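If you're wondering where the values come from, they're calculated on a predicted model, not measured in any experiment. Chain A is the first sequence line, chain B the second, and so forth, proteins listed ahead of strands; every chain is numbered from 1.
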Amino acid sequence: MPELPEVETTLRGIEPHIVSKSVSSVIVRQKSLRWPVPVSLIQKKLKNKRIDNIKRRGKYLLLESSKEHLIIHLGMSGSLRISDKEHIKKHDHIDICFNDGTILRYCDPRRFGCFLWSDDLDNHFLLKDLGPEPLGNHFNGEYLFKLSKKRKTPIKNFIMNSKIVVGVGNIYASEALYASGIKPSSQAGRVPRNKYEILAHEIVTILKKSIKDGGTTLRDFVSGNNEPGYFKQSLKVYGREGKECYACKTIIKGQRIGQRASAYCPNCQTRF
DNA sequence: CGCTGACCCTGACGGC
DNA sequence: TGCCGTCAGGGTCAGC
């Protein structure tokens, strides 16, 4: 479920319910996530401590307390919601309980997500090599073009690589490449600079629009009624294999690139 | 260093 | 109705 826009929407949804509140307890029902959850460490660090703020880095959520951080990743199927003692569902693995009764509850059926603790965020192995934020000041076409030189990997893999730029998942990589007129299997190093200018612009535009949409359809974090669905309306190629391109009526093609489903219009998207 | 493919896990869905 | 194969929005890691 979570692409960058949903992680950002999750942040905005839970922030007012947890920031400046004190943790009373942390309950872990299932500690087997992407890495084992360091249960006693997290309990010790958070018990009777305040959550000072919450930030996002790529698709990671960072809950700060006493200058240290709880690092949360939602993986493929994770979600966070505000709940209460009841309403525990299958795969609700972790509760962070606050002294006013609020519970931040983590659910993750596939368990590809993670809960880790860091006392030195800048040097944490999950964060230290991450590329720039696509919505930050250091991301643009020139940056992408420079890093792409001599790279033979398909451009879709290139922009999904979090060391290059964070937060571009399978959906938005496909959509941004369509909007830019670039065939996803093109070797990154063969795509011209002017195309990278367009691509960087499209990535920013699409992510911003999705955050805006996510904010309007995914805002109820209290009842747990946070069904996504915003993206389906505006998708041009993702999941549309075999259907007509909205622009030229050519049949959208499907192709596996780097073990991930990809879709593109053979007419609108150029091979470089 | 860059690239490829295996792998982590559960659930939904389509074909038989 | 059930069984089986395939696929899913994430990312790491070993091996070449």
Side-chain angles (χ1 to χ4, degrees), chain A residues 1-10 29-37 56-61 71-80 89-94 106-116 124-131 134 144 146-178 184-191 203 206-207 209-211 213-214 217-218 226-242 254-263:
Chain A
M1 281 188 199
E3 291 241 4
L4 186 147
E6 278 196 19
V7 177
E8 179 65 26
T9 303
T10 295
R29 298 179 199 84
Q30 167 63 273
K31 66 172 185 179
S32 174
L33 303 183
R34 179 66 178 82
W35 293 279
V37 179
R56 179 185 62 75
R57 177 74 175 99
K59 292 172 191 164
Y60 293 93
L61 286 170
I71 301 174
I72 302 175
H73 196 287
L74 303 177
M76 289 275 252
S77 56
S79 62
L80 284 166
K89 297 182 298 188
K90 197 175 181 184
H91 306 301
D92 281 346
H93 304 317
I94 300 174
Y106 174 74
C107 179
D108 187 0
R110 292 177 72 181
R111 291 189 272 126
F112 287 177
C114 74
F115 260 64
L116 293 173
H124 193 272
F125 78 103
L126 288 174
L127 303 173
K128 65 183 173 67
D129 296 322
L130 291 180
L144 280 182
K146 278 185 179 165
L147 286 194
S148 73
K149 287 180 181 171
K150 295 187 180 175
R151 295 248 190 178
K152 295 191 171 177
T153 199
I155 189 164
K156 178 160 173 279
N157 291 2
F158 179 69
I159 60 172
M160 288 176 69
N161 181 345
S162 61
K163 291 181 181 177
I164 305 300
V165 57
V166 297
V168 182
N170 202 29
I171 294 176
Y172 297 114
S174 304
E175 294 297 310
L177 287 166
Y178 172 79
S185 58
S186 303
Q187 289 183 11
R190 302 186 58 160
V191 175
I203 288 172
I206 288 171
L207 289 177
K209 181 183 186 307
S210 303
I211 290 172
D213 292 353
T217 60
L218 200 57
N226 49 350
E227 287 301 316
Y230 59 83
F231 50 83
K232 284 183 179 159
Q233 313 136 17
S234 42
L235 293 181
K236 304 274 204 313
V237 285
Y238 182 85
R240 297 198 64 246
E241 295 90 338
Q255 183 185 12
R256 282 194 88 76
I257 300 175
Q259 339 275 98
R260 310 298 293 274
S262 306

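Look at CZ on A/Arg190: it is 19 Å from P on B/dG2, rounded to the nearest Å. Between the CG atom of A/Leu61 and the P atom of C/dG10 there is a distance of 15 Å, rounded to whole Å.
In DNA chain B, consecutive stretches of 3 or more Watson-Crick or G-U wobble pairs with both distances under 3.5 Å are given as paired ranges: B:2-8 with C:10-16, B:10-16 with C:2-8.
Applying the 3.5 Å distance criterion, the base of C/dG10 shares no donor-acceptor pair with the side chain of A/Glu3.
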What's touching nucleotides 3-7 of chain B from the protein side, N or O pairs under 3.5 Å?
| residue | atom | partner | partner atom | Å |
| --- | --- | --- | --- | --- |
| B/dC3 | OP1 | A/Lys152 | N | 2.4 |
| B/dC3 | OP1 | A/Thr153 | N | 3.0 |
| B/dC3 | OP2 | A/Arg151 | NH1 | 3.3 |

Please list each protein N or O that sits under 3.5 Å from an N or O in nucleotides 10-14 of chain B, with the distance.
| residue | atom | partner | partner atom | Å |
| --- | --- | --- | --- | --- |
| B/dT10 | OP1 | A/Arg111 | NH2 | 2.8 |
| B/dT10 | O4' | A/Pro109 | O | 3.3 |
| B/dT10 | O3' | A/His91 | NE2 | 3.0 |
| B/dG11 | OP1 | A/Lys90 | NZ | 3.0 |
| B/dG11 | OP1 | A/His91 | NE2 | 2.6 |

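The P atoms of B/dA6 and C/dT6 are separated by 14 Å, rounded to the nearest whole Å.
Contact annotation: A/Tyr238 reaches the phosphate of C/dG9 (side-chain N/O to OP1 or OP2, under 4.0 Å). For the OP1/OP2 pair of C/dG10 and a distance below 4.0 Å, the side-chain nitrogens and oxygens of A/Arg260 include at least one atom meeting the criterion.
Of the inter-residue distances, the one linking A/Asp108 atom CG with A/Ile94 atom CD1 reads 9.0 Å to the nearest 0.5 angstrom.
Counting non-hydrogen atoms of neighbouring residues, nucleotides and ligands closer than 6.0 angstrom, the CZ atom of A/Arg29 exceeds 12 such neighbours.
Contact annotation for A/Leu74: no contact, since no heavy-atom pair falls under 4.0 Å across all strands.
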